[in-house]
Amino acid sequence: MGRLIPIRQMQVEQEGVVRKITAKAEMGRRLREMGIIPGVRITVQGRAPLKDPVAIKVMDSVLTLRNNEADYVLVEVD
Amino acid sequence: MPPKKIRVALAGNPNSGKSTLFNALTGAKQHIANYPGVTVEKKMGIALYNGYEIEITDLPGTYSLSAYSVEELVARSFVVEEKPDVVVDVVDASNLERNLYLFVQLQELGCRLIIALNMMDMAKARGIQIDTKLLSRHLGVRVVPMTARTGEGVDRLLEAIVQEIEAPYEKAPVRISYGSDIDGAIGHIMALMETSQSIPKTYEQRWLALKYLEGDSQVKEIFARDPLLDKKASLILKGLFKHTLDTLGEEPEAIIADHRYGFICSLIKECTKRHIERRLNLSDRIDKILTNRLLGPVFMLMILYVIYLFIFWVSSEPINWLEAGFAFLRSKIDLLLPDGALKSLIQTGVIDGVGGILGYIPLIFFMFGAIAILEDSGYMARVAYMMDRVMRFFGLHGASVISLIVSGGISGGCAVPGVLATRTLRDPKERLVTALVAPFMNCGGKLPVYAILISAFFPEGRARLMFILTLFSWGLALFSARLLRSTVLKGPKSPFLMELPPYRLPTLRGLLIHSWERTWLFIKRAGTLILAFSIILWAGLYFPRLDEKRLAEFEHKLEMERLKVVSFLPKNVGRGLSLEELEKAYQQALKAGGTSEQTYDSLRLAISKAISKEAGVDVGQAIEAFIAYKKASQDILRGKNEASLRHTFFGRIGLLLEGITGYLGFDYKLNVALLSGAFAKELVVSTLGTAYSIESSQVGGSLEERLKADPRWGPGLALIVLIFVLIYIPCIPTLLTIGNEFSYKWTMVSVIFNLSVAFSIAFILRFLLGFLSISPWG
């Protein structure tokens, strides 16, 4: 198993597989309903002008989330 | 035979093309309302097919059916309570995996389903091949592949709806396993539910049990009606919680979600093939430029600016037509009715008042069109994404920026659509704060006020001052937002998590329907109330009239002046030169142009030219006498108008308000103008015109010159008034919109908040000007 890091620490265009979602209740549910689930492959697509929020590619869509929300998602990077 | 009715609900993810499909199915036969008690739009329409009347309700776009957001609650209670005959789930074929997550939940809810597999063209372009027959067999529902944008497959969907209704209903047998722990718990809970009387049998029982385990707040309330059941069920839930946390490290809710995806994932493996590896598609490549960290904001400003220029350019002609139309009506009334209250009511109250607002309809229509383009193309989400970090600092959300821009962020918007645009915000507090600060932006109504004051008192710094006012309004809006968010509307920041939908070319049909339906809603909402308010405004400035005695006094004074000049004329000028002739020459000179004090000279010249054909007559003295008479009678008329204004309801209120606004240096005339500005900001100028009794047929100068001539006014006061008008009160249409969207309590808050901010800032400004020993009045 590779290194586990939160999305915040990923570089633009870096890829990885989501391994753990530490958010509970509403945040956890919303991440999941948008397709961020353990086992899914994501790519960091870009960051907003002030480095926050971050845009990631999940399944076939592009999602944006703030860095503090991205901290809930731990990714095993390639 | 009357057509048989089928009731269909349209469900689906946001950006799945649901609205496009709805428009394609129902055409222009749509009806919009709000779901009871919430500001979620409920769209309904009718499609006729094969002797059936299919009534379609467009549910709000959602990713899930939890109890967390209003949209999701609305969508699921519609399905549960209204029990539509069929629910059509619009699924984006190019993003099947995530879209099926909602489908699975709809199936859990136990409704009769059809899948509209939309955006097949996009899926094909991305190299995704879907075996729809196999998908249909696995899911146990009809699957209709289609592309709603082009209309491809829409008839097949209607056919499938009719077939579904005509066929006997067998509930789809698909049951997802959520793992033995949760499946077991569901079984236990269902057994408990059977023993209870308070569980409504109209709900799908398994769904209730599942939602209970997910910790759904609404379902928990249902369980709480039976304390014994609640107690037993909560024991099971607690046990399950502990067990899953110990063994899997997750809450039951998370495990349920993962199993849903697990089911979908295996389904997709079986039913789809991908010819092209996932790579950067066109949309992603556009984003590399448009949301680039450095170029993105530059493009954003350019795009928004161009859209603004376009809106004003394209709507200026229709606005002129409407204005010409109202002017024509006004002139017709002028000929038809005798002078008096009725004429004044129709001309000033009805035509000017309602016309003033209706005149903005082209602007509003194109503004909504532009918002629709930004929304439908997917760019709006990018603006929110780029601006979020800045907005968040002020306690707002990235999407708040749209609302502020529409309200006049680039000068010349309108706060009514701005307040309506807050609907895209999910968090109620962020939404409310955005709506409360939106009226600080420089809307189109404030511009005429700025224009006249700036050109009168700051003619050199025109562009600079406009720019400063724009910056000031942004700063004020953002800092007030921060203030509100850290005091009365304190609350956690809502999550930003959202989708950047792929860029799409909006369809013309969608744009037209979108803009027109919102414009129509505005006309209906504003139109009726505006009429009532413009009549109130008219009456306030018209009644009570001066009594006969006072009027007679003014008439008497006028007559005295006239007699004076008439008696002077024949003695000094000799035969033939009458007051009528002088009057005629004067009117001609006026028409030739020039209405200010200096033009009296050219007037003298013109009159003497017109009259000197009377050979050998010395007209100089006569002209001086005539001009003196004109000036004196104008003073009397002005005195009369002022006395009438002071006598009216608004005039009296204005005088009373001097007690407060006097601290800012405002007199009753300005008070009356500001008061009527509450109805619509542009009225500040026209009422000020009335208060200074500007009549175009008289020498004495435009409002601008009158203000300059008034010793009270100077750059200092002008600056205070500029800032005050920018802040002081949202116009009545905006207040009504805030009342409609939130509550009238917030309308009151908005009035009080803005007035107190305006007073404080204007007062500080006056103090500062005094401190810098710049006399505001000179």
Side-chain angles (χ1 to χ4, degrees), chain A residues 1 4 6-8 11-74 78, chain B residues 13 15 62-66 68-69 72 92 94-99 101-102 105 122-123 126 128 214-215 249-251 253-254 257-258 260-262 265 278 280-281 283-284 287-288 291-294 296-297 381-382 384-390 392 398 493 495-502:
Chain A
M1 216 165 157
L4 273 191
I7 292 182
R8 189 203 284 260
Q11 302 299 313
V12 171
E13 285 179 13
Q14 195 173 18
E15 289 188 34
V17 176
V18 173
R19 287 298 173 209
K20 189 151 182 60
I21 293 158
T22 55
K24 303 282 176 226
E26 177 173 9
M27 195 62 218
R29 183 198 292 259
R30 287 190 58 181
L31 287 168
R32 284 181 160 85
E33 73 185 32
M34 302 284 274
I36 303 177
I37 45 163
V40 80
R41 203 171 174 77
I42 66 162
T43 313
V44 174
Q45 195 99 323
R47 286 180 196 276
L50 295 172
K51 289 207 163 187
D52 187 16
V54 56
I56 58 168
K57 184 129 199 170
V58 182
M59 297 181 178
D60 281 284
S61 54
V62 180
L63 304 182
T64 61
L65 55 170
R66 291 184 182 146
N67 279 337
N68 57 357
E69 294 154 14
D71 282 341
Y72 293 123
V73 184
L74 299 180
D78 298 351
Chain B
N13 279 188
N15 309 308
T62 60
Y63 296 104
S64 169
L65 290 177
S66 69
Y68 280 121
S69 78
E72 292 176 30
D92 176 358
S94 69
N95 193 359
L96 203 52
E97 207 169 341
R98 213 226 19 239
N99 275 253
Y101 189 70
L102 179 68
Q105 294 184 71
M122 182 93 83
R126 291 191 183 174
I128 304 168
E214 278 189 289
E250 297 279 12
E251 294 174 0
E253 193 183 348
D258 292 348
R260 288 187 187 125
Y261 272 114
C265 198
R278 273 178 208 183
L280 285 187
N281 54 45
S283 186
D284 298 336
D287 262 338
K288 285 265 170 240
T291 62
N292 179 287
R293 282 193 52 201
L294 299 172
R382 270 81 182 175
Y385 162 67
M386 285 188 281
M387 291 303 293
D388 181 66
R389 188 67 196 83
V390 179
R392 200 188 333 158
K493 285 166 184 146
F496 186 69
L497 183 59
M498 61 170 207
E499 193 178 354
L500 294 185

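Sequence lines set the chain letters: A, B, ... in the order given, protein chains first and strands last, and positions in each chain run from 1.
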I want to check something: taking the side chain as every heavy atom from C-beta on, are [X] and [Y] in contact at a cut-off of under 4.5 Å?
X	Y	value
Y68(B)	R30(A)	no
Q105(B)	E33(A)	no
E250(B)	K20(A)	yes
D60(A)	R126(B)	yes
D287(B)	Q45(A)	no
L50(A)	V390(B)	yes
L31(A)	L497(B)	yes
R66(A)	R392(B)	yes

- request: For Y72(A), look at atom OH and say whether over 12 heavy atoms of other residues, nucleotides or ligands are found less than 6.0 Å away.
  value: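 Count not over threshold, so no.
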From [X] atom [atom1] to [Y] atom [atom2], the distance as rounded to the nearest 0.5 Å:
X	Y	atom1	atom2	answer
K288(B)	E13(A)	NZ	CD	4.0 Å
D258(B)	I37(A)	CG	CD1	6.5 Å
E97(B)	M59(A)	CD	CE	4.0 Å

Toward chain B, the part of [X] with a non-hydrogen atom under 4.5 Å:
X	result
A70(A)	neither
E26(A)	both
I21(A)	backbone
M34(A)	both

For the side chain of [X] and the backbone of [Y], is there at least one donor-acceptor N/O pair under 3.5 Å apart?
X	Y	answer
E499(B)	V62(A)	no
E253(B)	R29(A)	no
Y385(B)	L65(A)	no

Chain A contact via S94(B) - which portion, at a heavy-atom distance below 4.5 Å: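 Backbone only.
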- request: Using non-hydrogen atoms and a 4.5 Å limit, figure out which bit of T291(B) sits close to chain A: side chain, backbone, both or neither.
  value: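 The answer is the backbone of T291(B).
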On a heavy-atom basis, which atom in [X] and which in [Y] lie closest, and how many Å separate them?
X	Y	value
P53(A)	F496(B)	CG-CE2, 3.5 Å
K24(A)	E251(B)	CD-OE2, 2.9 Å
M27(A)	P495(B)	SD-CB, 3.8 Å

task: Please step through side-chain contact (heavy atoms from CB on, under 4.5 Å) for the pair M498(B) and L63(A), ending with a clear verdict.
output: CA-CA 6 Å; M498(B) 61 170 207; L63(A) 304 182; over 6 Å; no
